[in-house]
Amino acid sequence: MKKFAYCKVVLATSLVWVLLDMFLLLYFSECNKCDEKKERGLPAGDVPEPIQKPHEGPGEMGKPVVIPKEEQEKMKEMFKINQFNLMASEMIALNRSLPDVRLEGCKTKVYADNLPTTSVVILGWTLQVPALICRCKTKVYADNLPTTRLGSTLQVPALICRCKTKVYADNLPTTSVVIVFHNEAWSTLLRTVHSVINRSPRRMLQEIVLVDDASERDFLKRPLESYVKKLKVPVHVIRMEQRSGLIRARLKGAAASKGQVITFLDAHCECTVGWLEPLLARIKADRRTVVCPIIDVISDDTFEYMAGSDMTYGGFNWKLNFRWYPVPQREMDRRKGDRTLPVRTPTMAGGLFSIDRDYFQEIGTYDAGMDIWGGENLEISFRIWQCGGTLEIVTCSHVGHVFRKATPYTFPGGTGQIINKNNRRLAEVWMDEFKNFFYIISPGVTKVDYGDISSRLGLRRKLQCKPFSWYLENVYPDSQIPRHYFSLGEIRNVETNQCLDNMARKENEKVGIFNCHGMGGNQVFSYTANKEIRTDDLCLDVSKLNGPVTMLKCHHLKGNQLWEYDPVKLTLLHVNSNQCLDKATEEDSQVPSIRDCTGSRSQQWLLRNVTLPEIF
Ligand SMILES: [Mn+2]
């Protein structure tokens, strides 16, 4: 009996130990999961399955992600890695949902010219749904449509939402999506890929080509390749052997792709519903049309998705920086006020566009003599327009992009002169005499070597491209570089011998006056044929009697920006106020004044047409 009791004790203690082991085993496997979750952005070894999360959670429907206070220190540390809120990005599903930000007209308009329409009859629905359904005239192509959230809580099959979309021809061309990346975060890169796959009709999406410009992060090597293998669209990863920059990496990606159209995207984008069809439809209509989506803003801080404007288009300033400017009235008139029609844009931002594969070759792809990054977007824009193509922003197509305040990229040898070199190449090849605006406002830039441009000049001849003056006249009459002008140089006061100077001040600030230095730069002004006094994209503007004289964005409407120069009296009359530009006042010696005209020497100005050899 004693022996039996002894056995019972042994069994009982064993049981306790077994239970304890099981508990510990479960506990630690749970913890592994926790750790894995924390490291989701940087998968090491084991590659997660493609993520298909239900559409609830941080960032869904493009909502901002707010990081709790106790995590903010860590958030700031992580921000430095990619110069965006990496912690927020890692919290958001790779296939997060986005709002449909298109104009109503984009959702309902039918594109196909000869497709039959069909009404979708939905049985078994007793829900109150928006009146849009009553306008159902759509052909539904896909059979495996995902569900979409309608309103606040309602889950309905996406085909109802397809009622909102335009219908496109069956035979749109296929596209390869080419994405160049360098040390991109896992979450933003894969969210780009998932959004392309999830929101592009399969039959139009040939493949995705990821071009790695010599990233150093391990998770972008084998783990990336294993992950994309499991996706339902072919995704190829090709690698640059050494750091090559955006331009050469894109050329390699384009050469490796097979679609009829090449679509370039940045590595931190999210495509929205219906983004691809209107782009391809334009290229199908005319293969010499190059198209950009509206670039929506994904906050670098919260990853909130915010619709971009269809009322801005691409331009550039004298320094050859790409800038957004308001779409002018003439372009609204050309489209008869229909904002769903594509906008003809003078330039593209460069990161996101689609182009017919053969046309990309015909017009000379990119200037392979440009290094790394910068200027290539203006170069291809000028080339498209001057050589017979068309560049458009397709307002029905929306793609989000994470805009950053600072660049996280470094380059071997630094970026210092690279952009200047690239800009010189585009100015020398495409801008004819108007390159002087760039050279005069950027002192020192003519010292930068721009290499051999003979093959690009040969291309311009071969394609019989039009002069830059044609581009300014016909494509960009509201350009910041005036098509016609009286002077480009300094504006010197006869009495004090001082010169107008923008003092590197910004929009809405007062124009300055300073000792003439004859070096161009901040003392360059152009008195234009429209009688504006311009410095870069700002115009001298007076809105009150007796001033001040401020610098505002040029509005081309004369008004407060209209100046009459009298070449005999040498006066600059501000027409609206009927006052004359005068030397600095006693109170502020660094700004010119505006007073009743007296004919004194302090109201006389010399508009000197500075030529380059004087400056350099
Ligand atoms: Mn970018």
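First listed ligand is number 1; within each ligand, the first listed atom is number 1.
Identified under the side chain to side chain donor-acceptor pair (under 3.5 Å) test for residues 342-356, with sequence neighbours left out: Thr263-Ser354.
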Show me, pair by pair, the donor-acceptor contacts under 3.5 angstrom made by side chains of residues 75-84, not counting sequence neighbours?
unit_1, atom_1, unit_2, atom_2, d
Glu77, OE2, Lys80, NZ, 2.9
Asn82, ND2, Asn183, O, 3.3

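Stacking of Arg250 on the aromatic ring of Phe264 is recorded, both the 6.0 Å distance cut-off and the 45° axial limit being met.
Phe360 and Tyr366 have perpendicular rings, their planes meeting at more than 60° on a 0 to 90° scale where under 30° would count as parallel.
Under a 4.0 Å N-O distance rule, the pair Glu304/Lys63 does not qualify as a salt bridge.
With waters left out, the protein N, O or S atoms under 2.8 Å from the Mn ion (ligand 1) add up to 3.
Scanning for side-chain contact (heavy atoms from CB on, under 4.5 Å) contacts around Lys221 gives Asp218, Arg239, with sequence neighbours left out.
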